[in-house]
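Here is the structure we will look at, set down as structure tokens.
Each chain gets a letter, A, B and so on, in the order the sequences are listed, and its residues count up from 1. Scope of the values below: all heavy atoms of this structure, side chains included, with no hydrogens, waters or symmetry mates.
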Number of protein chains: 2
Amino acid sequence: MTSTAARLTGTKGVARADREQQIVAVAGEVFAERGFALASVDEIARRAGISKPLIYNYFGSKEGLLAACLAYAGTLVADEIERTARLGEVGLARALVSLDGLFRALEPAPWTWRLLNDPTVPGGPELDPVLATYRSRMAALSADGVGELMRLAGDDDPADTDAMTAVWTSVLDALVTWWLDHPAETPEQMSRRCVRLFAAVLGPVDVDLPGRSG
Amino acid sequence: MTSTAARLTGTKGVARADREQQIVAVAGEVFAERGFALASVDEIARRAGISKPLIYNYFGSKEGLLAACLAYAGTLVADEIERTARLGEVGLARALVSLDGLFRALEPAPWTWRLLNDPTVPGGPELDPVLATYRSRMAALSADGVGELMRLAGDDDPADTDAMTAVWTSVLDALVTWWLDHPAETPEQMSRRCVRLFAAVLGPVDVDLPGRSG
DNA sequence: GCGCGGTAAGTTACCAGGAAGTCATATCAA
DNA sequence: TTGATATGACTTCCTGGTAACTTACCGCGC
């Protein structure tokens, strides 16, 4: 009675690289859903259709798995924001272009954002390097954009710039999170909404978001 | 040889109401520090100098203890914001007065804010009522202030108002959190900083924050 | 003044369950 | 056969929660 359906052990012919990618995708979702601290490796294994020891074979520990997820997510997000930064827009237009790019980049893997902003990820020698890399890339971008804004306003207090960076980061987070909570909204609609919101606070603005086809 | 120091069991002459207040204060700190999910009742008991079962005698469960902390924190914050709302300021001035009041109200118990924004608190019949009360009070305030802003800007899309509320809440959170991370800053300094930050984005503003004595 | 019982305040020792991580083992391709 | 892919069963530890017990205070009859 060794039916194919009953075959429970042994190789399933999936190469390690493929399996790792699949596990990272599932783990990212679960981590983002429950928060790292409350997510269980068992659940990740169940949802990926494999067993827990395989995860430990490949990633060493729960934190090692998280490190892989964070590396993927951090690269995705930071690459995108650096790309939009290179477009050369300044001030408000730069902010809107960043948001637009972010919505598009996040669409295929919305869990990345929640994961990068998960307050329950612990410190530790395994996570610190990857988190530091991501955070320093983002801090450089923010300091760039926000610093320019503050210089324009004639405010050169570094603590003010620091606080303003925190505010801008948080606005970004609020908009992305709102979007994640309204999945029916397309990136295009969301970008237009952002333009309206900025206009409500700052007065009329005009920017033409790039990359819209058709 | 029944020395006073060796007396480990039995009453210590502390009335229940006092003990409950003390436990709530300690629990609030620990919950805010670690997040509800990662905080342990044992640690709270140790830091309060009592034993775990006493907490269960008084609060029934970990969630019951959290409910008491949230009721305290929610009342503190919502009362304060409602008070500043009644001052009758509008628009930007209202925002700054709210922030100023919030900084002053939070100073003696900074943990309240982190607790109310802790993403790891679960739902459940014990927490939902107290959280719903707090959130509906805050939502009413936000909808009031943000709604006015949106009407002024001629934007009557309810989804826009909803998103803008999320953004404003998040800005509030960012500023308070930045302040909690810089404990040397007094509420007065922080309020002045907020005025500068708003000015950097919106252009010159003038408001006189009330309640400054001396 | 003084035993005395009821009750509030408080503790030690324990249980049940869940999650991280490990080990011996099984299957299959080359 | 060997090595990579894979698993069931296990240990270990931590945490929420409980049972049983101890100590101190307080009102009351005498």
Side chains of residues 175-183 of chain A: which donor-acceptor partners sit under 3.5 Å, not counting sequence neighbours?
unit_1   : atom_1 : unit_2   : atom_2 : d
A:Thr177 : OG1    : A:Asp173 : O      : 2.7
A:Thr177 : OG1    : A:Asp173 : OD1    : 3.4
A:Trp178 : NE1    : B:Asp162 : OD2    : 2.8
A:Trp179 : NE1    : A:Glu185 : O      : 2.8
A:Asp181 : OD1    : A:Arg114 : NH2    : 3.1
A:His182 : ND1    : A:Trp178 : O      : 2.7

Considering residues at least two apart in sequence or located in another chain, which fulfil the side chain to side chain donor-acceptor pair (under 3.5 Å) criterion with A:Ser170? B:Ser170
In numerical order, the residues of residues 18-37 of chain B whose heavy atoms come under 4.0 Å of DNA chain D are none
Stepwise, does the side-chain hydrogen bond (donor to acceptor under 3.5 Å, both in side chains) test hold for A:Arg19 with A:Gln22? CA-CA 5 Å; A:Arg19 202 54 114 182; A:Gln22 176 209 359; 2.9 Å; yes
Tell me which donor-acceptor pairs under 3.5 Å the side chains of residues 119-127 of chain B have, and how far apart each pair is, sequence neighbours excluded?
unit_1   : atom_1 : unit_2   : atom_2 : d
B:Thr120 : OG1    : B:Phe36  : N      : 3.1
B:Thr120 : OG1    : B:Ala37  : N      : 3.1
B:Thr120 : OG1    : B:Asp118 : OD1    : 2.9
B:Thr120 : OG1    : B:Asp118 : OD2    : 3.2

A:Lys52 NZ - C:dA20 P separation (whole Å): 7 Å
Sequence-distant partners of B:Ala93, side chain to side chain contact (heavy atoms under 4.5 Å, CB included), two or more places apart: B:Glu89, B:Val207
What residue pairs, at least two apart or across chains, pass ring-ring contact (aromatic ring centres under 6.0 Å, His included) with a residue in residues 105-133 of chain A? A:Tyr72-A:Trp111
Please give me every residue in residues 53-65 of chain A whose heavy atoms get under 4.0 Å of an atom in DNA chain C, ordered by residue number. A:Pro53, A:Tyr56, A:Ser61, A:Lys62
Any salt bridge (charged side-chain N to carboxylate O under 4.0 Å, His left out) pairs touching residues 64-87 of chain A, not counting sequence neighbours? A:Asp79-A:Arg137, A:Glu80-A:Arg83, A:Glu82-A:Arg137
Sequence neighbours excluded, every pair satisfying salt bridge (charged side-chain N to carboxylate O under 4.0 Å, His left out) that has a member inside residues 55-66 of chain B: none
Does B:Ser40 reach a base, just sugar-phosphate, or nothing at all? Heavy atoms under 4.0 Å. sugar-phosphate
Rounded distance in Å - CZ (A:Arg46) to C1' (D:dT7): 15 Å
What is the nucleic acid contact for B:Ala39, judged by heavy atoms within less than 4.0 Å: base, sugar-phosphate only, or nothing? sugar-phosphate
d(CD1, B:Ile50; C1', C:dA9) in whole Å: 11 Å
Whole Å only: how far is the CG atom of B:Asp42 from the P atom of D:dG17? 12 Å
Output the rounded distance in Å from CG (A:Leu38) to C1' (D:dG16). 14 Å
